[in-house]
2 protein chains.
Amino acid sequence: MTGPKYRQIHNYLKEKIQKGLYSEGDILPSENELCSSFSITRTTVRKALEELIKEGFIEKKHGKGSFVKERRQSLGLLNVKGFSEAVGQNVKTVFLKKPAIREWSNQIQIPVSLMEKQKACIHFERLRFVKGEPVMLENNWLPDIKLGGLISNEFVEASFFKTLSRNYRIEIIGSESELRAENAGSKIAELLKIKEGYPVLHISLKFKTSNPVLNIYSELYCNTQKYPIGNIYHL
Amino acid sequence: MTGPKYRQIHNYLKEKIQKGLYSEGDILPSENELCSSFSITRTTVRKALEELIKEGFIEKKHGKGSFVKERRQSLGLLNVKGFSEAVGQNVKTVFLKKPAIREWSNQIQIPVSLMEKQKACIHFERLRFVKGEPVMLENNWLPDIKLGGLISNEFVEASFFKTLSRNYRIEIIGSESELRAENAGSKIAELLKIKEGYPVLHISLKFKTSNPVLNIYSELYCNTQKYPIGNIYHL
DNA sequence: AATTTTAACTTGTACGTACAAGCTGGAAAT
DNA sequence: ATTTCCAGCTTGTACGTACAAGTTAAAATT
């Protein structure tokens, strides 16, 4: 609960942004104001703000101030094109298998580290719809590091990553992926309501998080005919 | 040529790394050594090193030092899996069309900014081979911002990005991409030596660089059967 | 009234200092 | 000979100060 001072400021501001107390485009208190509020020096405040910049929460403008970023266009999280634009309305997510302890699957393409394989495995399967059409089948695995309530509770805005960030303050800090174009097999074809043999995008993912023993492994199958998969990142 | 001090140290070290004077795994001079070499304070040295970390050139280890990173596994540059591992030997790149001034193509999926469309367009087309097999057709477009010699000269290690970095000190700072699985048309099929209708991965890319008026647009078609496309990035 | 200047804000760079915390190898104690 | 300890290195955090540079709005000038 202690840790370095700059982390406390960082968490304090991050929490406010996440809770919507500062919203898109808002200006944060100036560095000097934060200094006196927290009785710390500007060096420390600037360190905290720099962390927020790295995580994509804010941006600074010389001579003006620090501003909360529009959407947190973070680190190459995959989006169905038109997913984030049409938030909520035309998008639906259905659990085929709710989060539960299951076996580590050999379906996972990217090698799971030994440390993680020793732990139990949480798995869930989701089907994502845009305008009523199924466009992405998603299988996710992660080691069970006892995040209380992760299994039973609902996700924040149907997003697993937002849940990790808001409830557990765990951020995605990187990823590794493999991309393949494949012909849909019978199971995929049935779920995505396409013909067998139709080309689908197969994405194998390993997300690294700020918790060094928590990586998230995903296998995605996407019908990219109408909705290509989008991917944005920045330094 | 002046600019802030930390930028000078940053460029100095970056250049040394790029030229191979420091190589993979090497330890950089300690922060205090750099301080006395350049007659600056540790604050400034640390700022320069932090930039190098962001760009993926080095990593720091508490109590030990700053180390040059193995491969610059930077910002989600796409790689044919097994491309960077088997450097040079099994990999070949052939220009189908050498860099030259051409028209802005309407093949580009991601919108080209107006400012760029006013400039002339440099275009080149390459076919990439692994173990003698063609695996990726690559079309690239960028605005002509008068990078002398870019058209005529050879690329550094057959890499366009390395050329930009080493010769012009321009770095990739982000990207936007769209991914689609498609059936190969006749032209793609012929070039990649596959049957028409075979599933291929179509990647549309926009790379943002440290030069705000230089974005690079690419359309890639990949046969991912044997060699999936890999993609790594980190905060 | 319109323009210019100034003053008061913002963030950016750079200085210098001090101590904490992680690592390593040689000296000291066992 | 082995272990323990410590001194001297490394990076990490935090303090405080000063001035440069970009922005803005009020004040002074025209």
Side-chain angles (χ1 to χ4, degrees), chain A residues 1-14 16-17 22 25-69 169 171 173 210-213 234-235, chain B residues 1-14 16-17 22 24-70 173 210 212 234-235:
Chain A
M1 212 51 182
T2 50
K5 274 194 191 176
Y6 76 86
R7 177 110 291 148
Q8 295 172 32
I9 318 301
H10 167 247
N11 278 333
Y12 168 83
L13 291 171
K14 183 161 135 188
K16 276 211 164 182
I17 294 170
Y22 298 123
D26 274 11
I27 185 166
L28 291 187
S30 78
E31 294 178 355
N32 282 320
E33 282 174 315
L34 289 170
C35 287
S36 45
S37 305
F38 290 93
S39 305
I40 53 178
T41 54
R42 216 175 126 218
T43 317
T44 309
V45 166
R46 283 179 67 81
K47 175 98 178 164
L49 293 179
E50 202 166 297
E51 295 287 302
L52 288 174
I53 292 172
K54 277 194 212 165
E55 293 179 344
F57 284 105
I58 65 167
E59 65 184 331
K60 294 221 242 179
K61 290 179 186 171
H62 190 177
K64 301 182 90 171
S66 302
F67 298 84
V68 177
K69 268 210 181 174
R169 221 146 299 285
E171 301 296 330
I173 60 166
S210 47
N211 183 329
V213 294
H234 62 281
L235 194 77
Chain B
M1 214 49 183
T2 50
K5 274 193 191 176
Y6 76 85
R7 178 107 291 150
Q8 296 171 31
I9 318 301
H10 166 248
N11 278 333
Y12 169 83
L13 291 171
K14 184 161 134 188
K16 275 211 164 181
I17 294 170
Y22 297 122
E24 302 179 0
D26 274 11
I27 185 167
L28 291 187
S30 79
E31 294 178 356
N32 282 320
E33 284 174 314
L34 289 171
C35 288
S36 43
S37 307
F38 290 92
S39 305
I40 51 177
T41 54
R42 214 173 129 221
T43 317
T44 309
V45 167
R46 283 178 68 81
K47 175 96 177 165
L49 293 178
E50 202 166 297
E51 294 287 303
L52 288 173
I53 293 171
K54 278 194 211 163
E55 293 180 341
F57 284 105
I58 65 168
E59 65 185 330
K60 294 222 242 178
K61 290 179 186 172
H62 191 177
K64 301 182 90 171
S66 302
F67 298 84
V68 176
K69 269 214 180 174
E70 307 266 338
I173 60 166
S210 47
H234 62 281
L235 195 75

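Excluded from the calculations below are hydrogen atoms, water molecules and symmetry mates; all remaining heavy atoms, backbone and side chain alike, are included. Letters go in sequence order (proteins before strands), and every chain restarts at 1. None of the values given here were measured: they were computed from a predicted structure.
The side chain to side chain contact (heavy atoms under 4.5 Å, CB included) test applied to B/Lys5 returns B/Ile40, B/Thr44, not counting sequence neighbours. Under the side-chain hydrogen bond (donor to acceptor under 3.5 Å, both in side chains) criterion, A/Lys61 pairs with no residue, sequence neighbours left out. Evaluation of the side-chain hydrogen bond (donor to acceptor under 3.5 Å, both in side chains) rule for B/Glu31 yields B/Arg42, B/Arg46, B/Lys60 as partners, not counting sequence neighbours. In this structure A/Phe67 satisfies the ring pair (Phe, Tyr, Trp, His ring centres under 6.0 Å) test with no other residue, sequence neighbours excluded. Remark: B/Ser30 engages B/Asn32, B/Glu33 in a side chain to side chain contact (heavy atoms under 4.5 Å, CB included) (not counting sequence neighbours). A search for side chain to side chain contact (heavy atoms under 4.5 Å, CB included) contacts involving A/Ser37 returns nothing, not counting sequence neighbours.
Between B/Leu52 atom CG and B/Lys54 atom NZ the span is 11.0 Å, to the nearest 0.5 Å.
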Where along nucleotides 10-17 of chain D does protein come under 4.0 Å, by heavy atom, of base (B) or sugar-phosphate alone (S), with - for untouched nucleotides? BBBBSBB-
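The distance between atom CD of A/Glu59 and atom C1' of D/dG22, rounded to the nearest whole Å, is 16 Å.
Using a 4.0 Å cut-off between a side-chain N of Lys or Arg and a carboxylate O of Asp or Glu, B/Glu51 and B/Lys14 do not qualify as a salt bridge.
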Provide a list of protein-nucleic acid N or O atom pairs under 3.5 angstrom, restricted to nucleotides 4-7 of chain D.
none

